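This one's a predicted model, so the numbers in the text were calculated from it and none came from an experiment. Values reported hereafter were calculated over all heavy atoms of this structure, with side chains retained and with hydrogens, waters and symmetry mates removed. In what follows, chains carry the letters A, B, and so on, assigned in the order in which the sequence lines appear, proteins first and then strands, with residues in each chain numbered from 1.
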Amino acid sequence: MGSVTKILHPPEPFLFHESLLRFRVSREEYVNSYADGVYRRVVEDANGDLVLLEAEKEGEGRNSIRLRMTTQGRMTKSAQDVGLYAIKHILAFDLDLRAFYKMAKDDASLAPTAKKFRGLKPIRYPSVFEALVTAITAQQVNLTFAGAIRGRMVKRWGRKLRVDGKMHYAFPRPERLARARVSTFRSMQFSERKAEYVIDVARAALEGRLDENELRILTIDEAVARLTEIRGVGRWTAEQMLFRALGRVEVFPGGDLGVQKVVARYCFGEERVDEKTARMQADRWHPWASLATTYLFAAWRAGIPPASDTD
DNA sequence: TACCAGGTAAAAA
DNA sequence: TTTTTACATGGT
């Protein structure tokens, strides 16, 4: 077993804990976990070696991150490089928040949370494939249930890495899910349709239709059009992926129930708005629409009431 | 019991 | 082209 520890210095500002709360561990989720201040996940390098990443805040006050990387055999340079690249992508080191804050400061519904959560970043998935499959599991069911069936899928088809006596799972490879049977997914309480969608996305990945570099250079509309050619990938799923895997913060998943509720709450003082209303609001946040929702979700999670518009 | 969950595809209007 | 409906299941 090989292990190496690095100290990383994310660009300021960066709120580690609040950003990672999204992955606060649930019993069923084995791929991304955040517990006791440590974010954990497994990535795979080009040689197929699994690397466990464990990231936590280094010391109080200072904003450095301690990253421990562990592999089964010798720690290779390739494994280290992949691990470092992955964690910087996941933690959105490349996302510069300054222009967003400049915009947010003059936006009544956004200003208080942007200020309170200064340094909050949208934590990402490492791959297009993982983001799409994860989104599909979350279609039309509550997120607890989505996490449960996803956990079963990961436990069955994800590669395993044992570290300090604890098992960690990588997200299943497309090769594996592409040849899985619908009936096996059914036994894990996937609907038949969800099972077919996941298998179709896995095949698309194998056929090179989810090429990250190709998707990156497309406009949002072009990328959504390309992605929705895959059965089971609608606009919502495509937008989720563009935001959560590729970090395209200008997308706005206006069809998302949670987004509709959080925009309603903090921008309209209501329980729920329709997609059109939500998208109209989001136009004011361009090109940081989904980043804005990240802040509103954080406020919601923290139980912060919407500002009263009467004073 | 009915209805809702961070939707989508296919049928019907 | 726009509007319903089936899909599956756990929680309230």
Is it true that [X] and [Y] have a side-chain N and a carboxylate O under 4.0 angstrom from each other?
X	Y	answer
A/R124	A/D94	yes
A/R173	A/E44	yes
A/E271	A/R265	no
A/E130	A/R41	yes
A/D164	A/R68	yes

Atom [atom1] of [X] and atom [atom2] of [N]: how far apart are they, to the nearest Å?
X	N	atom1	atom2	value
A/F145	C/dA8	CZ	P	11 Å
A/L132	B/dT8	CG	P	11 Å
A/M241	B/dT8	CE	P	13 Å
A/Q139	B/dG7	CD	P	8 Å
A/F185	C/dT9	CZ	P	15 Å
A/R301	B/dG6	CZ	C1'	12 Å
A/Q140	B/dC3	CD	C1'	11 Å
A/W236	B/dA9	CH2	P	12 Å

[atom1] spacing across the pair [N] / [M], given as an integer number of angstrom:
N	M	atom1	result
C/dT4	B/dC4	P	15 Å
C/dT12	B/dT1	C1'	11 Å
C/dT2	B/dG6	C1'	24 Å

Q. Counting N and O atoms only, with roles assigned by atom type, does the side chain of A/Q72 sit under 3.5 Å from a partner on the main chain of A/V51, one being a donor and the other an acceptor?
A.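 No, because the side chain of A/Q72 does not come within donor-acceptor range (under 3.5 Å) of the backbone of A/V51.
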
Between N or O atoms, less than 3.5 Å apart, protein on one side and nucleotides 10-13 of chain B on the other: list the pairs.
from, atom 1, to, atom 2, distance (Å)
B/dA10, OP1, A/R231, NH1, 3.3

Q) Should A/R159 and A/V42 be marked as a side-chain contact (heavy atoms from CB on, under 4.5 Å) after you check the CA-CA gap, both sets of side-chain angles, and the distance that decides it? A) CA-CA 9 Å; A/R159 296 180 63 207; A/V42 174; over 6 Å; no

Q | Toward the 5' end of DNA chain B, by each residue's nearest nucleotide, A/T237 or A/K261 | A | A/K261

**Q.** Which residue lies more 5' along DNA chain B, comparing A/I230 with A/R22 via nearest heavy atoms
**A.** A/R22

Q) Once the angle between the rings of A/F14 and A/F16 is folded into 0 to 90°, is it parallel (under 30°), tilted (30 to 60°) or perpendicular (over 60°)? A) perpendicular

So [X], base contact, sugar-phosphate only, or nothing? Heavy-atom distance under 4.0 Å.
X	answer
A/V262	nothing
A/R244	base
A/E192	sugar-phosphate

Q | Any A/T144 side-chain N or O less than 4.0 Å from OP1/OP2 of C/dG11 | A | no

(Q) Can you tell me the base-pairing partner of B/dT1? Count Watson-Crick or G-U wobble geometry only, both distances below 3.5 Å, and say none if there is no partner. (A)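 Answer to the pairing question: none, since B/dT1 forms no Watson-Crick or G-U pair.
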
